[in-house]
Number of protein chains: 2
Amino acid sequence: MTEKQPQTRIQRKNTAAILEAALDVFSQYGFRGSTLDQIAQTAGLSKPNLLYYFPSKEAIHTGLLSRLLDTWLDPLREMDPNGDPISELMGYIDRKLEMSRDYPRESRLFANEILQGAPRIMDAIEGELKSLVDEKTTVIRQWQDEGKIAKVHPYHLIFSIWSLTQHYADFDVQVRAVLGPDEVDPFPEAKTYIDTLFTKLLTP
Amino acid sequence: MTEKQPQTRIQRKNTAAILEAALDVFSQYGFRGSTLDQIAQTAGLSKPNLLYYFPSKEAIHTGLLSRLLDTWLDPLREMDPNGDPISELMGYIDRKLEMSRDYPRESRLFANEILQGAPRIMDAIEGELKSLVDEKTTVIRQWQDEGKIAKVHPYHLIFSIWSLTQHYADFDVQVRAVLGPDEVDPFPEAKTYIDTLFTKLLTP
DNA sequence: CGTGTTCCTGACCAAATGGTCAAACTTGGC
DNA sequence: GCCAAGTTTGACCATTTGGTCAGGAACACG
């Protein structure tokens, strides 16, 4: 998948800087709306130097996306089928919200890609992501059959968790604008609200 | 604001075709990722002809956005302070979900604009949109004080309605990919799920 | 210190992009 | 059927964009 380990210090530093800059730019403007010059400038490198480390604009984007998906699905992966249903689900929800708080650019990068029809990650979505969701919805269905949580549509439950948590990353500027300039950090209240919402929904 | 009425048939037809095509393109690729050639081709017109009707790429985009915001806020405007709280809120939620089903491109256009930092509609968001939300959250707070609906954070309640309903437009390809090829239309189940969710949340 | 490897850059290229314009073509109303 | 107004277009332009390349600079390491 990724390149082999033997990298020089400079290589590691610069590829990291490039991916960091690319995340900034791609997450805001999407693939087609972003330019190499912009990424180069943000990374503090020259454009030809970018292309020394990555063969093309697309390669940078792909590099970002592949790194992203793994960490992105981690919170869901961690949901333990043998744990307490409510705590497991609430734990997943909280981890997902924390990711929106701590990695908003990653969330936006993903959103941008999906908005454009997911041309570069459709495979991963239909494969890796769908498999994981299929697996976890089975667990949820089991919990429901055991009467541990309320019977709601498992797939839409997942969708609602994604949408509610990612909203605070993807629509951050709107959230802040509506809440007004006094509200410094919307996340604490968001957490309380979302916790209430899912507790009421899932308690049998 | 908009141009004066006296338009020829051709003008009306072509500006409509351009806005229609531009909605297709802008909603998918965002402002910077879209090209005039693409819009022109989609509209079945030549590029110079586009620029006969609109002075610039930006003007087309602005034209779209200003038309959008009005219709976009209509469902919330319709929420009647004197009606039954639960029915009014559920009605709003249902109307919002219907808009995601019937006007997904508009939803994506909006999402794209927000993702990019809302450079072209920040004014409207801080003004028109915020005012309306402020007004309606006041109503919600009143309903809560009267014990008609559960006490949850009014602003985050609005955010959650937006995020849940718009998710089915903005992340449509992901939703369909995860649900698999059998599921033709996710909206009926989505409606049922969302109705359940907010009923449980709002019932005191 | 020397030398092979890695890293970086300025100059360059072809294609794409937003936009202009004069000239040609349609259209509508008399 | 005429003509002024409205409409369309091909040719053109400056700038931007993704990408190349030859050569120079910095580095690693014996």
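Just so it is clear, the structure is predicted and the values come from calculations on it, not from any experiment. So that the names make sense, note that chain A is the first sequence line, chain B the second, and so on, each numbered from 1.
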message: Checking side-chain contact (heavy atoms from CB on, under 4.5 Å) between B:Y53 and each of B:I18, B:I60, B:L19, which is the one that passes?
response: B:I18

- prompt: Taking the side chain of B:L36 as its heavy atoms from C-beta onward, which of C:dG18, D:dT7, D:dG19 lies nearest to it?
  reply: C:dG18

task: Apply salt bridge (charged side-chain N to carboxylate O under 4.0 Å, His left out) to B:D70 and B:R77, showing your working.
output: CA-CA 10 Å; B:D70 264 341; B:R77 272 202 210 89; 3.6 Å; yes

message: Nearest to the side chain of B:K57, heavy atoms from C-beta on, is which of C:dT9, D:dT9, C:dG18?
response: C:dG18

query: How do A:R32 and A:K47 order along DNA chain C: which one's closest nucleotide is nearer the 5' end?
result: A:K47

task: Side chain of B:L51 only, please: which of D:dG10, C:dG19, C:dC8 is the nearest?
output: C:dG19

message: Rounding to an integer number of Å, can you tell me how far B:L45 CG sits from C:dG18 P?
response: 16 Å

task: Taking the six-membered ring of B:W72 (Phe, Tyr or Trp), confirm whether the NZ or CZ of B:K96 is under 6.0 Å from its centre and within 45° of its axis.
output: yes

field: B:T35 vs A:L50, nearer the 5' end of DNA chain C by closest nucleotide
entry: A:L50

- prompt: Think A:Y52 has a side-chain N or O under 4.0 angstrom from the OP1 or OP2 of D:dT20?
  reply: no

- request: Round to a whole Å and report the spacing from CD of B:Q38 to P of C:dA15.
  value: 20 Å

message: It should be established whether A:R9 places a side-chain nitrogen or oxygen under 4.0 Å from OP1 or OP2 of nucleotide D:dC27.
response: no

- prompt: For the side chain of B:Y53, counting heavy atoms from C-beta on, which of D:dC21, D:dT8, C:dC21 is nearest?
  reply: D:dT8

- prompt: Does A:Q11 have a side-chain nitrogen or oxygen under 4.0 Å from the phosphate oxygens OP1 or OP2 of C:dC7?
  reply: yes

- prompt: Side chains of A:E189 and B:Y155: closer than 4.5 Å at any heavy-atom pair?
  reply: no

- request: Grab the CG-P distance between A:N49 and D:dT20 for me, whole Å please.
  value: 15 Å

message: Can you tell me which nucleotide in D:dC21, D:dG18, C:dC8 comes closest to the side chain of A:N14?
response: C:dC8

task: State whether A:T8 places a side-chain N or O below 4.0 Å from either non-bridging phosphate oxygen (OP1 or OP2) of C:dC7.
output: yes

message: Tell me whether the side-chain N/O atoms of B:S46 come closer than 4.0 Å to OP1 or OP2 in D:dT9.
response: yes

- request: For B:D37 and D:dT9, give me the distance from atom CG to atom C1', rounded to whole Å.
  value: 14 Å

- request: Output the single nucleotide from D:dT7, C:dG18, C:dG19 whose closest atom is nearest the side chain of B:S56.
  value: C:dG19

message: Using whole Å, what does the distance between atom C1' of nucleotide D:dG19 and atom NE2 of A:H61 come to?
response: 18 Å

query: What's the CZ-P distance between B:F54 and D:dT8, to the nearest Å?
result: 13 Å

- prompt: Just checking B:I10: base, sugar-phosphate only, or nothing, at a heavy-atom cut-off of under 4.0 Å?
  reply: sugar-phosphate

- prompt: Hey, is the main chain of B:P188 close enough, under 3.5 Å, to the side chain of B:T192 for a donor-acceptor pair?
  reply: yes

